[in-house]
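This report refers to the structure that appears directly beneath it.
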Amino acid sequence: MKYPFADVEKKWQKKWEDNKTYKTDLTDLKKALYTLVMFIYPSGSKLHIGHWYNYAPTDSWARYKKMRGYNVFEPMGYDAFGLPAENYAIKTGIHPKDSTLKNIDDIREQLKTMGCMYDWDAELMTCVPEYYKWNQWLFIQLYKKGLAYRKNAPVNWCTSCKTVLANEQVQTDGTCERCETMVERKNLTQWFFKITDYADELLDGLKTIDWPAKTKLMQEHWIGKSFGTEVKFGVAGHKDKEIRVFTTRPDTLFGATYVVLAPELDLVQELTTDEHIAEVNDYIESIKSLSEIERTSTVKEKTGVPTGAYAINPVNGEKIPIWIADYALANYGTGSVMAVPAHDERDFEFATKFKLQIRKVILEKGTDSDAELTEAFTAPGTMVNSAQFDGMDSVECKSKITDWLAENNNGEKRINYRLRDWLISRQRYWGTPIPIVYCDSCGEVPIPENQLPLELPYDVDFKHDGASPLAGNSEFVNTTCPKCGGEAKRDVDTMDTFMDSSWYYLRYLNPKFTDGMFDTKLGDDWTPVDMYVGGAEHATMHLLYARFIHKFLRDIGMVNSDEPFQRLLHQGTITNNGAKMSKSKDNVVNPGIFIDEYGSDVFRMYMMFMGPYELGGDWSDKGIVGVDRFVQRAYALFESNKDLSKSTVAPSEFKMDDLSQTEKHIYQLVNKTLAKYEVEVENYRFNTAVAALMELNNGLKELAVCSNEFRLFILERFATMLAPLAPHMGEECWSILGNEKGLFDNPVWFEVDQSALVQDSVTIIVQVNGKVRAKLELPVDSDEAAVKETAWNDNKVKSHTEGKSVVKEIYVKNKIYNIVVR
RNA sequence: GCCGGAGUGGCGGAAUUGGUAGACGCGCUGGAUUCAAAAUCCAGUUUAGGCAACUAAGUGCCGGUUCGAAUCCGGCCUUCGGUACCA
């Protein structure tokens, strides 16, 4: 009989639900295990292949752990705020709240057909006041600690739509995706979280977590800690002004021949001479629509204009011109850069183009100090043209010059970070309202905690001209000051949705908790999350923000751990004809037809079999029949051994000497498979785990001639290995054997019989000059003399060494014997 | 541009530490079964030459280290993710 997947899946899903199999008892902390997958963004109403690829293998891992006796907590929820729902509303008129809640209902139903172990009592969504209230509370805690503050920052502004655009809404040519108008950068006052205060700890903490090395490396580079010197340049004719620059090359300071300021700095307007002001303002206008990537590209032709003002180099009192150039960014570092054309590639190019002075201050070994440079010399060398430092080693002079600057109050040692503070203001509707009011007499005032949540009003014009849609709702905007009771206006921005995802793993533990942001007892018991799985695209942003918030929560006594996610893994992306699946491209592959034809177990097992989990790949259904055939064969095997456990009992292990030759082979195979399976599944290498089960299945062709208890022994192990990967089928096979209790209600796992893994002979490869010439089957741990003799007796070895002299012979025990001849 | 990955048969991929390249599966070819087909089962399947034994080449490209490299090093090419307002 063909495996009746539809009936089997329905049957077990009902049993699991009736038995509350996946309700986790969070008070049972013995072998507690929190496994988490990044929650779902409910944009469309359909789960696509990518979702299955993310969730099904993760669930298989959780099930494996459950079968090994862990008390597994595996929740699922919805990252429900965000831009797409708002765009959809603008296009269709359907309110984000309505479309989002509808999508969530549809998605929940589809998630249930996957047959995952989600504890549905722990389900949460971020767009309800019960959740986002605590975003507001958290904001206020950060505010109280001085970690939330306002400053100016640029946004993408469409002058035609009169709205702020997300980077995604700006096309590659710099125009608005709706109206094709050129997008400008415009400054707005916005809220920031001081993540930079935690930069060092975020860096150090990486050493303590079990994350992919590449992710840690990306975070390390994102934080970008660099050691250097801050130098104070005076400004000629402006005694009250100074320009601070950060440099990692203080040894080149005598070679600084000009200074570059970010065009947007206020200082630029203050310093520029009348003669240059028109040119400067034209330049600022001309770069308004450039993105940061374009501005800082090292291949783009450098642009810039002089301000007419001069800076004073503190080391030699020299007057050097002040320029502005787009590659200096106002929101990075001090916004000012000292330029040393002789020893920096970008400065060399700039100085050459604009005929600025190039002065060599570090001499390359073996070159003439008068020789003209044809390119920047960036390596260390000997100091020249540097007054009292001449003749010294440039590396040593880094600290010498810094010390000398410090003694004269012209600078100091400094650590700089690439990391910037987290901008959380969004000029959008569908998000958490920022709990601040602005009062003419009291200034910015946080809403008292007992007045939270500040609810997001339903009625709003999404196309409201200007900054934020909420600004158009006067009932929302106009309020009274919590401090003085006078008239006040609310902040009309909402929060970045990364705020929602920065602490949801704590809320899952009790989403209905009303006495605080989350139940801190449960938080301490269950976090850090043991295993976190999600896309690599989150490597630097979400995963850094969540770490920051976790550390902040620790500092205010809410959690007792330093990191939110102990172990992390990224699933790969499934593409369609090489393109990322997305609703907008209309290229999503719907799993529905595969579920209908093969069932969810075959489908999820195929996804796991496709390749390495962390690699992903292009979607193809070509191989799914192979997995289906495997399932059919395995099912038939169990069917032909129905109710075996009702008439016989399998021992916990067999003695190899008591087994027939056939049984011995199968016994070794099943133990080898089990040992491999454990390692592969533990490390999310499901493709090789499935392959191992296929090999096992192929090796059971002669099982029928074995004894009853032996067959039961083998099939029990086979069923338990199937269960994590194909949960419905695993349960079914287990029950076919005659077991009354379900595998996930009563977890079972079998030990490997280590004695069955011992091999008595081994294949030794004989190479001549690195080429395989013979394969010898020899006892394990044979000594060199024995191998040598057998090897040299081989005809092929003889023919390939004949008439040549032996240079040397290499023996690697149990592996290889290599003869080198000339 | 910058930061971080990936590249192996016709296809998806395997090779746990530098030691048999191609496990497992798809596809294809041949056979069994069938009136025939589907399904199933059995055998073969990196490429080139050869009936075969066998020989040579081969893990994106070029070079290097080593007795030995898919694996380590240097330089490229292609491609994917991120680049701070998609999430």
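Quick note on labels: first sequence line is chain A, next is B, and so on, each numbered from 1.
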Complementary nucleotide for [N] - Watson-Crick or wobble, under 3.5 Å:
| N | value |
| --- | --- |
| B/U59 | none |
| B/G4 | B/C80 |
| B/G27 | B/U45 |
| B/A37 | none |

Can a cation-pi geometry be assigned to A/Arg185 and A/Trp157, taking NZ or CZ under 6.0 Å from the six-membered ring centre and within 45° of the ring axis? no
Would A/Lys2 pass as a cation-pi partner of A/Tyr635, given that its NZ or CZ must be under 6.0 Å from the six-membered ring centre and within 45 degrees of the axis?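 The answer is no, since A/Lys2 fails at least one limit relative to A/Tyr635.
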Which residue lies toward the 5' end of RNA chain B, A/Thr688 or A/Leu423, if each is placed at its nearest nucleotide?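 Taking each residue's closest nucleotide, the earlier one in sequence belongs to A/Thr688.
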I want to check one thing: is the phosphate of B/G25, taken as OP1 and OP2, less than 4.0 Å away from some side-chain N or O of A/Asn698? yes
Taking OP1 and OP2 of B/C86, is either one under 4.0 Å from a side-chain nitrogen or oxygen of A/Arg426? no
To the nearest Å, how far apart are [X] [atom1] and [N] [atom2]?
| X | N | atom1 | atom2 | answer |
| --- | --- | --- | --- | --- |
| A/Arg547 | B/A84 | CZ | P | 20 Å |
| A/Arg629 | B/U40 | CZ | C1' | 9 Å |
| A/Tyr598 | B/G25 | OH | P | 17 Å |

Hey, do the aromatic rings of A/Phe686 and A/Phe609 have their centres closer than 6.0 Å? no
So that I know where these two stand, are A/Trp52 and A/Phe603 an aromatic pair - ring centroids less than 6.0 Å apart? yes
Short question: side chain of A/Lys216, backbone of A/Ile209 - any donor-acceptor pair under 3.5 Å?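 Side chain of A/Lys216 to backbone of A/Ile209, a donor-acceptor pair under 3.5 Å: yes, one is there.
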Determine the minimum heavy-atom distance between A/Phe498 and A/Ser502, stating which atoms define it. O-OG, 2.7 Å
Any residue of residues 290-298 of chain A with a heavy atom less than 4.0 Å from an atom of RNA chain B: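 Only A/Ile293, A/Ser297, A/Thr298 qualify.
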